[in-house]
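For reference, the structure is listed below as structure tokens.
In what follows, chains are A, B, ... by sequence order, proteins preceding strands, each numbered from 1.
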Amino acid sequence: RQAPAPTATPASPTASGTSPGATTPVTTSLEAVSVALDWYPWSNHTGLLMARERGHFRDVGLDVTLEVPANPEDVLKLVATGRNTFGISYQTDVLLARAEGIPVVSIAALVQHPLNSVMALEGSGIARPRDLAGKKVGYPGLPSDEALLATMLEFDGARLDDVTLVNVGFELVRALLSRQVDAVIGAYWVHESILIEQQGERPVILRVEQWGVPDFYELVMVTSEQELRDHAERVQRFVRAMIRGYQDAQADLVAAVDLLVREYPDTNRALEEEGIRRLAPLWTEGVPIFGWQEAKRWTDYAAWMQARGLLRGEVDPNTAFTNRFVEAAR
Amino acid sequence: MKSAPLHWRVELRHVTKTFYRGRQALTVLGPLDLRVADREFVGLVGPSGCGKSTLLNVIAGIEQPTSGEVWLDGEPAPERLGRVAYMHQRDLLLPWRTVLDNAILPLELRGIPRREAAARALPWLERFGLAEFTHAYPAQLSGGMRQRVAFLRTLLADRPLLLLDEPFGALDALTRASLQEWLLTLWEELDRTVILVTHDVEEALLLSDRVLVLSPRPGRIVREIVVDLPRPRPYEIVTDPRFVRLKAEVLAELRARSTMEVQFDGT
Amino acid sequence: MKSAPLHWRVELRHVTKTFYRGRQALTVLGPLDLRVADREFVGLVGPSGCGKSTLLNVIAGIEQPTSGEVWLDGEPAPERLGRVAYMHQRDLLLPWRTVLDNAILPLELRGIPRREAAARALPWLERFGLAEFTHAYPAQLSGGMRQRVAFLRTLLADRPLLLLDEPFGALDALTRASLQEWLLTLWEELDRTVILVTHDVEEALLLSDRVLVLSPRPGRIVREIVVDLPRPRPYEIVTDPRFVRLKAEVLAELRARSTMEVQFDGT
Amino acid sequence: MARDRLLTRDRIVPLLILVSVMLGWELATRVFQIPRWVLPPPSAVVQALIRDQRLLLRHLTVTLEEVGLGLTFSVLLAIVLAIGIVSSRLVERSVYPLVVASQAVPIVALAPILLIWFGYGLTPKVIVVVLVCFFPIAVNLVDGLRGVDPEFVDLVRSFGGTSWQTLRVVRIPGALPAFFSGLRVAAAVSVIGALIGEWVGSSAGLGYLMIRAASQFHTDRVFAAVLVSAVVSIGLFWIVGVVERIALPWRRSARTET
Amino acid sequence: MARDRLLTRDRIVPLLILVSVMLGWELATRVFQIPRWVLPPPSAVVQALIRDQRLLLRHLTVTLEEVGLGLTFSVLLAIVLAIGIVSSRLVERSVYPLVVASQAVPIVALAPILLIWFGYGLTPKVIVVVLVCFFPIAVNLVDGLRGVDPEFVDLVRSFGGTSWQTLRVVRIPGALPAFFSGLRVAAAVSVIGALIGEWVGSSAGLGYLMIRAASQFHTDRVFAAVLVSAVVSIGLFWIVGVVERIALPWRRSARTET
Ligand SMILES: Nc1ncnc2c1ncn2[C@@H]1O[C@H](COP(=O)(O)OP(=O)(O)OP(=O)(O)O)[C@@H](O)[C@H]1O
Ligand SMILES: Nc1ncnc2c1ncn2[C@@H]1O[C@H](COP(=O)(O)OP(=O)(O)OP(=O)(O)O)[C@@H](O)[C@H]1O
Ligand SMILES: [Mg+2]
Ligand SMILES: [Mg+2]
């Protein structure tokens, strides 16, 4: 059976509990849409929270629910089947998914650069990729991280074979802190790095785009091709309100974090305060407007993925994204 | 008192039964022909392990004969479960049921409402000296009490044919006598047919119209003794010369075929 | 043949036993005093449910008396498990053990190697007519065969005091006679003391030095009958006037106290 | 009297053991300097428990609902399956393997399907709980239904009982002890079933709380939530025991029948 | 003769059912156009199975090793625990709650501890398998050891048997059927235990393969791995049944004793 219609967003058991949606009274004129988040709420979601809090979504007639699926990869499936109207995913995953025939399209870049990075602890003697030779590098077991590391190593005159990759699952930081590994890849330099600092250690960060990996968009907002065909206008309204939300957040980072903590009381405030300070600039760095995507970034990154064997089959990177909503929202 | 049978209640035609232990075959019931008339009271005696219980199992339909046929009421009865009331040698009281609920099991299986069934069973429990234990579980009963409950359960099944496998083995002389009386009353007044397995030759002779002696395994009928004593037979009849003769006859028949010699010589 | 006892093998001092069902108390063993001399053979008869098995349980140490004391060999024996060989009323064969392994259980528990234990048990299995079933499981045996295995197991326990609860109830007259002989032989040659519970008054009188009659629940000793018949006692002794008198005496005693009237009048 | 003293000892000593386990753990974290983000000392966990009590309580309610519904459906499903399996060789051969196979399907494969078909609501969590819990009940029930003394079955058959009656009168009562063993296992693992279920997209529940707290290095809160889950598990396990004792009065009364 | 025909029918019909389940699934995916990246049709899964057979086989070996070791330790642990629990009220009251509590500890809380104490080798996976598997065995064993006919216990005691002998001669043999019920459950869930264990960090095994395949949207490969896991589960479950039949010959021979 096909998935139920996307409008039939299920009532979350906690709609009246922690879910922020309940605080805004829902009028009948509002259209319900949902966003599948990439991960549990963190500072990168403050733009959406702001847009809701300040009524931007309501102004465009949308009632937005935020939902967190189990696996980041599932976001794209959920969006493609219409279970969620929108979703936050990764440029890598969008390309991979399209290669497998999953009809999703990126409608806005949420972060203009990679956040994924190599992290080591100060004092480990690791300052550049080639220093990793002979060391243990922890990673979440994903092929894309292997490719990133390989590129960085080769760019710095070493090879992937020189390091010992250790799949540490989702315990990147703990593996690093406990010295089970000498470095990790797969952690965000605006998030995990702060966790490390909070434990009284100082991280060394090697950003991937500085070591030979083509610059890419860490996180993108996606929707399905179907949605684009049938409800382009709704997508437009969503993007417009979302952009205003991120602008509001960027304008008042303290309010943004306040909002996050208010809606999700179990948030680590200190972590997010510092995180948003590092992250917010990346929302618009080097682009005229929030959300803008360069075709070249998509083609270069796709080419890199193909070269690294991550991407099999033909994928046209130019169909994987669209700027028309961001452009129209300008 | 008994009229000539209109048909045979039970008819075994050349029945044999073989068990298999692994590849080893064990024939426990030799070819055996048996006819029991309606309203007849037949006693069955034979050495331990000769196949008496197996025979009752076969008649009840719990086991199928390896060869031969079982007829009930003048017709072949390949499926005959539920047509006879069978009291197994082990009491087989369900441990999770109280005395009352064990007793009324056959009524319950026939769809009789519990109230009605209980009303029917309670006077019997009283008579059998079990009134105080109506709501006790089997684990709280003595061996003889368990046997009485099992006997009552069989009576309540209310079938024309009763198969009783050592129904009074665990009872003292008096309780036994009392239950024997009940059994006879039932048999006479309610037109039952009874096949009684017992080790007590006196019991067999006291109660039966006919006593069949089985050979050691594989069990066959080696002797049929018609008990031509008048009824009712008071217990004192055991000293009657005719009774003594019949008893001696049965015992002699059993002794003649015994595989187990009485060994007085040597430990 | 029997010399005067040096001490009492078993001595019950004012023993009572009460069971509780929920809040309801049920006294099953009235105050009871009992002394059994060394090498004595004591028969115990009483109506069903009067507490005979409970009494043996108390002597064996499986149950503790509610009040009173049990002495063994002239000393108080608050912990007396393992000091007697007890044949329970139910056969209690372990279903996962073969006949042989069930029989040698008490030897195994005493740490005797299996080979040796088997060597000791096998001739007995032969004598008891069980040789063919040495490696059969209990589920493959007839009721009487099970009882024989349980009896053998008790004999192999090799204790000076034997408690037997209806050891021959499921056996035909001949097998029973044969096992009775074995029991007597053992008792005489190996200096055992025996307490035998039985419903068969003849059996009690044939075997015992002394027969104790228990009252209905709560069981007390209401009559002690010394069987002053010479041994060995052939089966024919049952017609001996002295025997007949003793038997009548026991039965009368039982009848006098019976709670269960023989009801011929009314169904 | 001696009995009373014994009972008290029986209560005090385990408490002492529990306390010494706690103390040992506390000491170990200090002596070996186990970082709090690995294993917080019990003192920290208890502190977190008190500090976050309202938070924990709110999420606990959600988890309890999932557990309650899940266990209920598990029992129903297990009963239907077990009866089908023992009643029909056909069902056994065709359905039982699928039932076993269901225990090998990991959440990774299941999560997207559950989310797409059932959304983010209560349903997928309950399904996960059922998936975790029905199996031990079903297996025990099948074995229990089959394991009754065949003579009891013969008895009912000899009274003309149908196979349905045999089931009702002999097999089911005889299988109850096994059923309760299975239910005990199910009760104990139901909580983790809900935690896993909550991992499949949720915004509340102890599992949600744990993942979030873990990702933020609030390890004390993680363990506070674990503690709450453990108490729930023990509680459910204990409740099953009580229900069993009530449902099987004949087992209590069982003693030396002679 | 009739028996033979029946046996054949008994084999053919389930096969037919399996085939029709497969066909139904295949059809459903086509008719309802369920995308293959949600639930691939069986044809695609089988294709992936054939295509990736060597890959699957390699990872299967790893998982099997974890499962084998885990099950072995589970049995040992369960036996020790169960005997302790039934032998001593003290152990019961102090250890049993902890045993139950262990079933409520989710992998989120456990992962860091496993990681730091045991690294990324075989050990943490085996530990996770044990954690998942020992419990149903232990609970069933405890209930089985307790559930034996008390008269059998009295029998051994009356022969002077020690409580250790009672255990060996009566309780353990009497508990075997329950033990096998528990083992059956454990065998079926052992595979998922290994998959979860691998999820904590590994470089091989079916669980590792699944996560990687899922991250690359190779849903057919995920389901091929699930299929392999399911077959392993069914196989282990079946093996327990065979071992049981061999270990309990008396149960096979049990029929109407009269
Ligand atoms: N399931 C079985 N498998 C193998 N042999 C069996 C089975 N059931 C009974 N037997 C054998 O069949 C024979 C006859 O058994 P049965 O129970 O009919 O004897 P019986 O005449 O009732 O003896 P008893 O008087 O001792 O009760 C015995 O030798 C027994 O061992
Ligand atoms: N565990 C128990 N709980 C309650 N009552 C019990 C329990 N065990 C035995 N009784 C009762 O104690 C009484 C005596 O039982 P016991 O088994 O000793 O009788 P018995 O003399 O051996 O009878 P029988 O000749 O029928 O075997 C019976 O009324 C029985 O119901
Ligand atoms: Mg018999
Ligand atoms: Mg008794």
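A:Asn268 touches chain D through backbone and side chain together, each having a heavy atom under 4.5 Å away. Neither the backbone nor the side chain of A:Glu73 comes within contact range of chain D; no heavy atoms are under 4.5 Å apart. With a threshold of 4.5 angstrom between heavy atoms, A:Asp266 approaches chain D through its backbone and through its side chain. For a residue to count as touching a neighbouring chain, one of its non-hydrogen atoms must lie under 4.5 Å from one of that chain's; by this rule D:Arg36 does not touch chain A.
Put simply, the side chain of A:Val173 does not reach to within 4.5 Å of the side chain of D:Trp37, judged on heavy atoms. Looking at D:Ile211 and A:Phe170, their side chains never come closer than 4.5 Å, going by heavy atoms from C-beta outward. Looking at A:Ser34 and D:Tyr120, their side chains never come closer than 4.5 Å, going by heavy atoms from C-beta outward.
Contact record, D:Ala111 with A:Asp74: CB-OD2, 3.8 Å, taken as the closest heavy-atom pair. Taking both residues in full, the closest heavy atoms of A:Arg83 and D:Leu115 are given as NE-O, 3.0 Å, listed atom of the first, atom of the second, then distance.
Residues of residues 188-200 of chain D that come closer than 4.5 Å to chain A, counting heavy atoms only, are D:Glu198, D:Trp199, D:Val200, ordered by residue number. Listed in order of number, the residues of residues 97-105 of chain D that approach chain A to under 4.5 Å between heavy atoms amount to none. Contacts with chain D (heavy atom to heavy atom, under 4.5 Å) involve these residues of residues 40-48 of chain A, listed by number: A:Tyr40, A:Pro41.
Atoms OG and CG, on D:Ser215 and A:Leu195 in that order, are 8.0 Å from each other to the nearest 0.5 Å. To the nearest 0.5 Å, atom CD1 of residue D:Ile113 and atom OG1 of residue A:Thr81 are 11.5 Å apart. Between atom CD of residue D:Gln216 and atom OH of residue A:Tyr264 there is a gap of 12.0 Å, rounded to the nearest 0.5 Å.
The residue from A:Leu177, A:Leu271, A:Ile194 that alone fulfils the side-chain contact (heavy atoms from CB on, under 4.5 Å) condition with D:Phe217 is A:Leu177.
Other residues, nucleotides and ligands contribute over 12 non-hydrogen atoms within 6.0 Å of the CH2 atom of D:Trp25.
Considering only heavy-atom pairs separated by less than 4.5 Å from chain D, the leading option among A:Arg174, A:Gln198, A:Glu192, A:Lys77 is A:Arg174.
Take A:Phe238 and apply the ring-ring contact (aromatic ring centres under 6.0 Å, His included) test, not counting sequence neighbours, and it matches A:Phe57, A:Phe86.
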